[in-house]
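Report on one structure; see the data block that follows.
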Amino acid sequence: RFELIEGQVVHQRANPPAWNERDRQRNRYLGCQARPLSDCKIKVHLRDQYKSLHPPKRTEARLFETEDITHDMREFRFRLTEPAPFLAGQYALLAIPGVEGARAYSMCNIPDSGEEWHFQIKRVPRGSATERLFGSVAVGQVISVDGPYGTAYLREAAPRDILCLAGG
């Protein structure tokens with residue numbers, strides 16, 4: 001989240017998740033969803049612990065494999081044209097052909113060289129993005145990806161227990 005001091009932005013989605021009335025009242029926007037409409041001045045709280053180890057970049061990725069996990073979940077495996085390393089827990093924005101606004105999905109593979117990003121995605125009935133992903137995006141197709149993003153990633157050196165939860 002960032003606070004908009006001057007200028008105008010619009011979210012890529014009309015009503016993005018995790019953006020609430022309190023954010024609207026405080027003129028806060030989601031960095032992963034906001035697109036500037038003018039020159040902007042923003043305020044962001046970036047402590048060293050929140051700075052990304054791998055700066056995000058926009059590149060293209062070719063879908064090379066899919067695997068059905070359940071009746072409504074599928075793993076989509078993409079190979080990037082330019083490697084982009086990430087940390088476990090980070091996410092990317094996928095520009096799905098025919099869908100307005102990019103969609104955020106977390107990578108599910110083990111981070112390594114960053115040549116491949118895998119996503120386990122649940123099909124949402126009447127969901128514009130997942131309907132396209134499951135029905136129209138075929139192996140061999142190239143899409144635009146942007147990332148990695150997110151500060152909720154695994155801190156391997158942290159001397160504490162962790163609890164992992166998944167949803168869909």
Side-chain angles (χ1 to χ4, degrees), residues 1 10-23 29-35 50 52-168:
R1 286 185 175 81
V10 64
H11 277 136
Q12 299 288 66
R13 294 176 66 182
N15 193 13
W19 191 53
N20 57 41
E21 187 56 38
R22 185 175 180 190
D23 291 327
Y29 293 85
L30 300 174
C32 63
Q33 291 289 316
R35 182 173 48 91
Y50 294 121
S52 179
L53 299 176
H54 304 295
K57 64 179 169 180
R58 188 169 291 138
T59 188
E60 292 187 332
R62 180 177 307 278
L63 180 64
F64 73 90
E65 189 174 32
T66 64
E67 181 180 348
D68 287 337
I69 299 168
T70 67
H71 71 282
D72 64 351
M73 289 188 72
R74 181 176 295 164
E75 184 166 315
F76 295 84
R77 298 176 185 144
F78 291 91
R79 189 163 288 123
L80 280 61
T81 56
E82 294 179 50
F86 64 92
L87 300 168
Q90 290 191 299
Y91 67 94
L93 299 174
L94 279 60
I96 301 161
V99 177
E100 186 177 333
R103 297 299 195 265
Y105 297 105
S106 296
M107 282 74 89
C108 68
N109 55 316
I110 296 171
D112 54 12
S113 64
E115 293 176 359
E116 292 182 10
W117 287 358
H118 302 181
F119 304 90
Q120 291 180 353
I121 300 173
K122 180 178 174 131
R123 185 177 207 156
V124 177
R126 296 176 304 281
S128 60
T130 60
E131 289 295 333
R132 290 283 183 155
L133 264 174
F134 279 72
S136 302
V137 177
V139 170
Q141 188 164 351
V142 175
I143 68 166
S144 175
V145 296
D146 186 7
Y149 291 103
T151 58
Y153 56 83
L154 177 63
R155 269 88 170 159
E156 293 184 34
R160 61 180 184 224
D161 294 333
I162 61 171
L163 173 65
C164 299
L165 301 173

Between atom NZ of Lys122 and atom CD of Gln120, what is the distance when rounded to the nearest 0.5 Å? 13.0 Å

Using 0.5 Å steps for rounding, measure from the CD1 atom of Ile121 to the CD1 atom of Ile69. 9.5 Å

Scanning both residues in full, the closest heavy-atom pair of Thr66 with Arg74 reads CB-CD, 3.8 Å

For Pro85 and Ser113, the nearest pair of non-hydrogen atoms, with its separation, is CG-O, 3.9 Å

Side-chain contact test, heavy atoms from C-beta onward, threshold under 4.5 Å: evaluate it for Asn109 versus Phe86 and give yes or no. yes

Can you see which heavy atom on Arg58 is nearest to which on Asp146, and at what distance? NH2-OD2, 3.2 Å

With sequence neighbours left out, what residues match Ala157 under side-chain contact (heavy atoms from CB on, under 4.5 Å)? none

To the nearest 0.5 Å, how far apart are CZ in Phe64 and CZ in Arg79? 4.5 Å

Which heavy atom in Arg123 sits nearest to a heavy atom in Gly135, and how many Å separate them? NH2-N, 4.5 Å

Can you confirm whether more than 12 heavy atoms, excluding those of Glu21, are under 6.0 Å from its CD atom? yes

Minimum heavy-atom distance Pro125-Glu131, with the two atoms named: CA-OE2, 4.0 Å

Listed by chain and number, what are the side-chain contact (heavy atoms from CB on, under 4.5 Å) partners of Glu67, not counting sequence neighbours? Arg77

Can you establish whether the number of heavy atoms outside Ile110 located under 6.0 Å from its atom CD1 is more than 12? no

Can you tell me which residue pairs pass the side chain to side chain donor-acceptor pair (under 3.5 Å) test with a partner in residues 94-103, sequence neighbours excluded? Arg103-Ser128

Minimal non-hydrogen separation, Glu115 against Pro83, with atom names: CG-CG, 3.9 Å

Kindly write out the residues that satisfy ring pair (Phe, Tyr, Trp, His ring centres under 6.0 Å) with His54, not counting sequence neighbours, or none if the list is empty. none

Take Thr130 and Tyr105 through the test side-chain contact (heavy atoms from CB on, under 4.5 Å) and record every step on the way to the result. CA-CA 11 Å; Thr130 60; Tyr105 297 105; 3.8 Å; yes

Spatial distance of atom CZ (Phe76) from atom CD1 (Ile143) [nearest 0.5 Å]: 9.5 Å

Note, Leu154 side chain near Ile162 side chain (heavy atom, < 4.5 Å): yes

Between His11 (side chain) and Leu30 (backbone), is there a donor-acceptor pair under 3.5 Å? yes

Rounding to 0.5 Å, atoms CZ (Arg62) and CD (Gln141) come to a distance of 9.5 Å

Here the gap from Glu60 atom CD to Phe78 atom CZ, rounded to the nearest 0.5 Å, amounts to 12.0 Å

Report all side-chain donor-acceptor pairs from residues 89-99 shorter than 3.5 Å, counting only partners two or more places apart or in another chain.
{"from": "Gln90", "atom 1": "OE1", "to": "Leu87", "atom 2": "N", "distance (Å)": "2.8"}
{"from": "Gln90", "atom 1": "NE2", "to": "Gly150", "atom 2": "O", "distance (Å)": "3.0"}

Can you tell me if Gln33 and Gln12 form a side-chain donor-acceptor pair at under 3.5 Å? no

Measure the acute angle between the ring planes of Trp117 and Phe119, then classify it against the limits of 30° and 60° as parallel, tilted or perpendicular. perpendicular

Please name all residues satisfying side-chain hydrogen bond (donor to acceptor under 3.5 Å, both in side chains) with Arg132, sequence neighbours left out, ordered by chain then number. none

